Amino acid sequence: QVQLVESGGGLVQPGGSLRLSCAASGSTERMGWFRQAPGKERVLVATITSGGSTNYADSVKGRFTISRDNAKNTVDLQMNTLKPEDTAVYYCWGWDRQMNYWGKGTLVTVSS
């Protein structure tokens, strides 16, 4: 079973940047980030395959960049030009060809 551990969340001012990291205990075909804002459903932010193909939510295109290191089983999310509406708990996600795995989440708060 794959375990995921996120890090890097915190408080940042609008326009600022944060980098989230996720370490997996095993290999995954796909990895990514989802987020859940207060009172909202969990939604996709960005995903990346083992081959490097990426997919982004329209709301973060041009601002966020997802990357992974297959050798280290890690995935990062570089978040730039952050907006208050980016405030959410961010969850790392992985797929190992058998099932979905989720991290416990890390809180990102964008506020002045």
Side-chain angles (χ1 to χ4, degrees):
Q1 187 174 60
V2 175
Q3 296 183 355
L4 307 174
V5 180
E6 305 102 329
S7 62
L11 174 65
V12 64
Q13 294 187 85
S17 299
L18 282 175
R19 187 176 185 89
L20 305 182
S21 296
C22 175
S25 62
S27 64
T28 53
E29 168 61 25
R30 298 185 181 227
M31 300 187 76
W33 294 90
F34 289 68
R35 68 187 182 188
Q36 187 167 18
K40 303 293 185 180
E41 297 294 315
R42 187 178 300 184
V43 298
L44 181 149
V45 176
T47 61
I48 185 167
T49 69
S50 61
S53 296
T54 59
N55 183 50
Y56 296 92
D58 288 342
S59 59
V60 307
K61 285 181 179 177
R63 299 189 298 122
F64 292 10
T65 302
I66 189 170
S67 60
R68 68 184 291 169
D69 186 329
N70 292 335
K72 297 191 292 186
N73 295 321
T74 59
V75 61
D76 290 355
L77 184 70
Q78 178 65 47
M79 305 185 294
N80 298 325
T81 319
L82 284 160
K83 305 174 180 180
E85 50 263 47
D86 294 318
T87 295
V89 175
Y90 284 70
Y91 296 91
C92 184
W93 166 81
W95 169 258
D96 69 354
R97 301 181 185 273
Q98 300 183 77
M99 63 178 64
N100 295 304
Y101 299 97
W102 296 95
K104 69 179 186 299
T106 185
L107 177 63
V108 173
T109 302
V110 185
S111 176
S112 59

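Since this is a predicted model, take the numbers as computed values, not measurements.
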Open item on the list: For Ile66 and Val75: C-alpha separation, side-chain torsions, deciding distance, then whether side chain to side chain contact (heavy atoms under 4.5 Å, CB included) applies.
Closed with: CA-CA 7 Å; Ile66 189 170; Val75 61; 3.7 Å; yes

Should [X] and [Y] count as side-chain neighbours, where that means a heavy-atom distance under 4.5 Å?
| X | Y | value |
| --- | --- | --- |
| Thr28 | Trp95 | no |
| Val2 | Met31 | no |
| Ser111 | Thr87 | no |

Task: Donor-acceptor pair, side chain of Asp96 and main chain of Met99, under 3.5 angstrom - done: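 Pair found, side chain donor or acceptor close to backbone of Met99.
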
Look up atom [atom1] in [X] and atom [atom2] in [Y], then write down how far apart they are to the nearest 0.5 Å.
| X | Y | atom1 | atom2 | value |
| --- | --- | --- | --- | --- |
| Asn73 | Ser27 | CG | OG | 6.0 Å |
| Asn55 | Thr47 | CG | OG1 | 4.5 Å |
| Glu6 | Leu20 | CD | CG | 8.5 Å |
| Gln1 | Gln98 | CD | CD | 10.0 Å |

Taking all atoms of both residues into account, what is the closest heavy-atom pair of [X] and [Y], and its distance?
| X | Y | value |
| --- | --- | --- |
| Leu82 | Arg63 | CA-NH1, 3.9 Å |
| Trp33 | Cys22 | CZ2-CB, 3.7 Å |
| Leu4 | Ala24 | CD2-CB, 3.4 Å |

Heavy-atom neighbours of [X] [atom1] exceed 12 at 6.0 Å:
| X | atom1 | value |
| --- | --- | --- |
| Glu41 | CD | no |
| Gln36 | CD | yes |
| Arg68 | CZ | yes |

Are [Y] and [X] connected in a single hydrophobic cluster, I mean Ile/Leu/Val/Met/Phe/Trp/Tyr linked by side-chain heavy atoms less than 4.5 Å apart?
| X | Y | value |
| --- | --- | --- |
| Leu44 | Tyr91 | yes |
| Leu107 | Trp102 | yes |
| Leu18 | Val89 | no |

Task: Side-chain H-bond candidate by donor/acceptor type, Ser112 with Gln13, under 3.5 Å - done: no

Task: Asp76-Gln78 side chain donor-acceptor pair, cut-off 3.5 Å - done: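 Checked: Asp76/Gln78 side chains show no N/O donor-acceptor pair below 3.5 Å.
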
TODO: Give the C-alpha distance, both sets of side-chain angles, the deciding distance and a yes or no for side chain to side chain contact (heavy atoms under 4.5 Å, CB included) between Thr74 and Ser21.
DONE: CA-CA 7 Å; Thr74 59; Ser21 296; over 6 Å; no

Open item on the list: Which label fits Trp93 and Phe34: parallel for a plane angle under 30°, tilted from 30 to 60°, or perpendicular past 60°?
Closed with: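 Perpendicular, since the angle between the ring planes exceeds 60°.
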
Open item on the list: Show, in sequence, the C-alpha distance, side-chain angles and deciding distance for Lys83 and Asp86, and conclude whether the salt bridge (charged side-chain N to carboxylate O under 4.0 Å, His left out) test is met.
Closed with: CA-CA 5 Å; Lys83 305 174 180 180; Asp86 294 318; over 6 Å; no

Open item on the list: With side chain to side chain contact (heavy atoms under 4.5 Å, CB included) as the criterion, how do Arg35 and Val60 come out once you've worked through the C-alpha distance, each side chain's angles and the decisive distance to 0.1 Å?
Closed with: CA-CA 12 Å; Arg35 68 187 182 188; Val60 307; 4.0 Å; yes

